[in-house]
J.: 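One structure is given below, represented as structure tokens, and several questions about it will come after.
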Amino acid sequence: MRLTRFAEFLEKLEKTSSRIEITKILTNLLNESDQSEIDKVVYLSLGMLAPNYQGTILNLAEKMMLRTLAYAYQKDLTEVTSLYKKEGDVGLVAQELGERLKVKDKNLTVTDVYEKLLAIAEDGGGGSQERKVGKMAKLIGEIDPLSARFITRIPVGKLRLGFSEKTVIAALAAQDPKLEKEIEAAYNIRPDIGYIAGLVKENKLDTVEPEIGVPVAPMLAQRLNSTSEMVKKMGEVSVEPKFDGLRIFIHYRRKDNLIKIFTRNMNSIDIDTFPELKEVGKFIHADEAILDSEAIGVDPKREMFLDFQKTIQRRRKHDIGKTASEIPLQFQIFDLIYINGKSLINEPYLKRREILEKTVQNGGLLRIDENVITDNPDVIKDLHQKYLKMGLEGVVVKRANGTYVSGRTGWNWVKMKEVEGTRGKLSDTIDCVVMG
DNA sequence: CCTGATGCGTC
DNA sequence: GTCGGAC
DNA sequence: GTCCGACGACGCATCAGG
């Protein structure tokens with residue numbers, strides 16, 4: 001697909017606010033994209049180059065883009081900056097300057113542009129800022145002003161077209177509700193929207209299975225402050241403590257001792273960041289497993305939980321040994337998504353927990369969240385108070401028979417916290433005994 | 001080496 | 001993480 | 001209710017330049 005054609009679609013999408021309309025336009029765009037580049041069309045339309053878990057980052061944002069524009073259009077940085085202050089958007093600045101200079105497009109395709117952006121992302125090390133700016137400026141010099149409007153917004157993360165993955169899925173389904181469910185299910189276990197778009201085109205959706213090393217889209221909790229409403233919406237529930245740490249998915253395969261770690265946003269974390277997980281296989285009684293957990297720092301004597309700011313210091317690349325001994329981590333495990341080649345996504349929660357309890361050795365590095373099963377709002381309220389008193393964030397309440405549904409849709413997981421804005425105001429450590 | 005600017009990612 | 005707008 | 005985008009606090013990583 002020609003970039004100019006692509007830009008026409010983006011312009012139409014930008015002008016449209018109704019999501020039904022957006023979905024229709026996207027369906028047309030996807031229909032016009034062939035198998036070889038539908039993934040790139042999808043990535044670029046969402047302002048991305050690859051799924052998060054591949055860690056492809058441009059490292060070129062607002063300030064460097066302004067430098068890029070100055071260089072590309074041979075203007076002073078001060079002039080570009082003042083234009084930007086006026087317009088508030090790098091895309092409009094690029095388009096305006098491009099129109100003034102009557103920049104002609106060089107017939108680039110979406111694939112061409114994608115590959116040039118990827119090259120910028122892959123550059124790094126000494127002198128890379130200048131090279132990134134140079135490559136980006138060269139690209140801008142080869143595309144028409146309307147395309148420049150959108151392409152320049154991609155690195156700064158401000159495409160602002162009013163749709164995201166969910167809408168792309170709806171567009172791929174093209175009004176077929178059954179297909180939409182299938183695409184969504186596939187996306188949730190292979191959260192690579194470009195890849196999924198390709199599969200839809202090829203009619204190969206049914207080949208998607210959970211995989212060790214590929215993150216599953218995380219299940220999230222709605223917020224609700226009434227325990228009676230919880231019971232009304234969910235019936236029998238499992239009530240668990242809510243820890244103030246980092247959401248961490250642990251993937252383990254015994255055969256080759258493969259250990260992969262992912263965050264809530266499906267970003268990959270280097271195993272050296274959490275060296276204690278190098279031995280995780282000792283505590284998992286399975287050949288393969290995907291665990292869902294909250295990582296939380298504890299004081300070296302393992303008597304107290306640390307607050308969030310202290311815990312997050314463990315997400316660093318340098319001085320790991322020192323930090324790791326000062327801030328030991330423990331992993332509060334609360335779900336098992338996959339075991340020994342079998343997906344548990346469609347199993348009810350209590351069933352997953354039952355298998356989890358047999359699979360994970362509880363205590364030490366991995367600790368299974370304690371839980372109370374109830375349908376009594378007062379019991380939930382009491383537990384909430386209990387956990388708050390212990391210095392925890394509150395409770396997570398889960399529908400006893402709920403499946404693992406990615407995202408925040410529906411009423412399967414609900415959280416209840418205390419007040420807003422208390423984060424960061426806590427003392428260094430929280431005075432309570434570590435449980436598990 | 002150190003410092004500041006910039007970019008990124010967590011909640 | 002929260003909030004508010006558009007649907 | 002759902003989806004999207006704007007926003008904030010905080011702290012680390014990376015690079016440029018002295």
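Labels below follow one simple rule: chain letters A, B, ... track the order of the sequence lines, proteins then strands, and each chain is numbered from 1.
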J.: Without decimals, in angstroms, what is the distance between N52(A) CG and dC8(B) C1'?
T.: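 Result: 12 Å.
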J.: Consider salt bridge (Lys or Arg N to Asp or Glu O under 4.0 Å). Of E370(A), E347(A), E240(A), which one does R353(A) pass it with?
T.: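 That would be E240(A).
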J.: Measure all distances between protein nitrogen or oxygen atoms and nitrogen or oxygen atoms of nucleotides 4-7 of chain C, and list the pairs falling under 3.5 Å.
T.:
residue	atom	partner	partner atom	Å
dC7(C)	OP1	S17(A)	OG	2.7

J.: Base, sugar-phosphate, or nothing for K415(A), non-hydrogen atoms under 4.0 angstrom?
T.: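 If one applies the 4.0 Å heavy-atom cut-off, K415(A) turns out to touch the sugar-phosphate alone, with no base involved.
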J.: Taking the side chain of H318(A) as heavy atoms from C-beta outward, which of dC11(B), dT10(B), dA13(D) is closest to it?
T.: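 Looking only at side-chain atoms, H318(A) lies closest to dA13(D).
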J.: N267(A) has a side chain; which of dC12(D), dG5(D), dG9(B) sits nearest to it?
T.: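 Shortest atom-to-atom distance from the side chain points to dG9(B).
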J.: Return the nearest nucleotide to the side chain of N265(A); candidates are dC12(D), dG7(B), dT10(B).
T.: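 So the side chain of N265(A) is nearest to dT10(B).
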J.: Look at atom OH of Y71(A) and say whether more than 12 heavy atoms of other residues, nucleotides or ligands are closer to it than 6.0 Å.
T.: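 Not buried by this count: 12 neighbours or fewer within 6.0 Å.
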J.: What integer distance in Å separates K63(A):NZ from dC15(D):C1'?
T.: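 Atom-to-atom, K63(A) to dC15(D), this comes out as 16 Å.
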J.: In whole angstrom, what separates R153(A)'s CZ from dA6(D)'s P?
T.: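 Atom-to-atom, R153(A) to dA6(D), this comes out as 10 Å.
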J.: Just to confirm, is there a sub-4.0 Å distance from OP1 or OP2 of dG1(D) to any side-chain nitrogen or oxygen of K233(A)?
T.: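 It does, given that an N or O in the side chain of K233(A) lies less than 4.0 Å from OP1 or OP2 of dG1(D).
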J.: Take atom CD in Q175(A); do more than 12 heavy atoms of anything else shown fall under 6.0 Å from it?
T.: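 Result for CD/Q175(A): open.
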J.: Calculate the interatomic distance between I312(A) atom CD1 and dC11(B) atom C1'; express it in whole Å.
T.: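 Rounding to the nearest Å, CD1 of I312(A) and C1' of dC11(B) are 7 Å apart.
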J.: Among the nucleotides dA6(D), dC8(B), dC15(D), which one has an atom lying closest to any side-chain atom of K158(A)?
T.: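 Nearest listed nucleotide: dA6(D).
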J.: Measure the distance from CG on L77(A) to C1' on dA5(B) and round it to the nearest whole Å.
T.: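 Distance check: L77(A) CG to dA5(B) C1' gives 13 Å.
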J.: Measuring from the side chain of T167(A) (C-beta onward, heavy atoms only), which nucleotide among dC8(B), dG7(B), dC3(D) has the closest atom?
T.: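 Side chain of T167(A) sits closest to dC3(D).
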J.: By the definition side chain to side chain contact (heavy atoms under 4.5 Å, CB included), identify the one residue from L329(A), T311(A), I312(A) that meets it with L306(A).
T.: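 Between L306(A) and the candidates, side chain to side chain contact (heavy atoms under 4.5 Å, CB included) is satisfied uniquely by T311(A).
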J.: How many whole angstroms separate atom CE of M64(A) from atom P of dA13(D)?
T.: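 After rounding, the reported distance stands at 19 Å.
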J.: Do the side-chain N or O atoms of K317(A) get closer than 4.0 angstrom to the phosphate oxygens (OP1, OP2) of dT14(D)?
T.: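 So the side-chain polar atoms of K317(A) do come within 4.0 Å of the phosphate oxygens OP1 or OP2 of dT14(D), strictly under.
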J.: Ion pair present between D89(A) and R160(A), side-chain N to carboxylate O less than 4.0 angstrom?
T.: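 Looking at R160(A) together with D89(A), the answer is yes, because their closest N to O distance falls below 4.0 Å.
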J.: Can you confirm whether Q54(A) is buried at CD, in the sense that more than 12 heavy atoms of other residues, nucleotides or ligands lie under 6.0 Å from that atom?
T.: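 Counting other residues, nucleotides and ligands, CD of Q54(A) exceeds 12 neighbours.
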J.: Please work out if E21(A) contacts a base, only the sugar-phosphate, or nothing of the nucleic acid, heavy-atom cut-off 4.0 Å.
T.: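 Here E21(A) touches no strand at all.
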J.: Can you tell me the distance, in whole Å, between the CD1 atom of I120(A) and the C1' atom of dG7(B)?
T.: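 Rounding to the nearest Å, CD1 of I120(A) and C1' of dG7(B) are 15 Å apart.
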J.: Is K12(A) salt-bridged to E21(A), going by a charged N under 4.0 Å from an acidic O?
T.: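 No, this pair does not count.
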J.: Indicate, with a heavy-atom threshold strictly under 4.0 Å, whether L161(A) touches base, sugar-phosphate, or nothing.
T.: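 Contact class for L161(A): sugar-phosphate only.
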J.: Return no unless some side-chain N or O of R315(A) is found under 4.0 Å from OP1 or OP2 of dA13(D).
T.: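 So the side-chain polar atoms of R315(A) never come under 4.0 Å of the phosphate oxygens OP1 or OP2 of dA13(D).
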J.: Where the side chain of R223(A) is concerned, which of dT2(C), dG7(B), dT2(D) is the nearest nucleotide?
T.: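 So the nucleotide nearest the side chain must be dT2(C).
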J.: Below 4.0 angstrom, N of the basic side chain to O of the carboxylate: do K116(A) and E142(A) qualify?
T.: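 Judged by the 4.0 Å cut-off on N to carboxylate O distance, K116(A) and E142(A) do form a salt bridge.
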J.: With nearest nucleotides of DNA chain B determined for N59(A) and Q129(A) from heavy-atom distances, which residue corresponds to the more 5′ nucleotide?
T.: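 It is Q129(A) whose nearest nucleotide is closer to the 5' end.
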J.: Looking only at side-chain atoms of F308(A), point me to the closest of dT10(B), dC4(D), dT6(B).
T.: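 Ranking dT10(B), dC4(D), dT6(B) by closest atom to the F308(A) side chain puts dT10(B) first.
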J.: Would you indicate, yes or no, if dC3(D) has its OP1 or OP2 atom less than 4.0 angstrom from a side-chain nitrogen or oxygen of S164(A)?
T.: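 No, outside the criterion.
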J.: Rounded to the Å, how far apart are Q54(A) CD and dG9(B) P?
T.: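 Whole-Å distance recorded here is 14 Å.
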J.: Y43(A) vs Y114(A) aromatic rings, parallel, tilted or perpendicular, using cut-offs 30° and 60°?
T.: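 Rings of Y43(A) and Y114(A): parallel, as their planes differ by under 30°.
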J.: Consider the side chain of D244(A), meaning its heavy atoms from C-beta on, and name the nucleotide among dC12(D), dC11(B), dT10(B) that approaches it most closely.
T.: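 Nucleotide nearest to D244(A)'s side chain: dC11(B).
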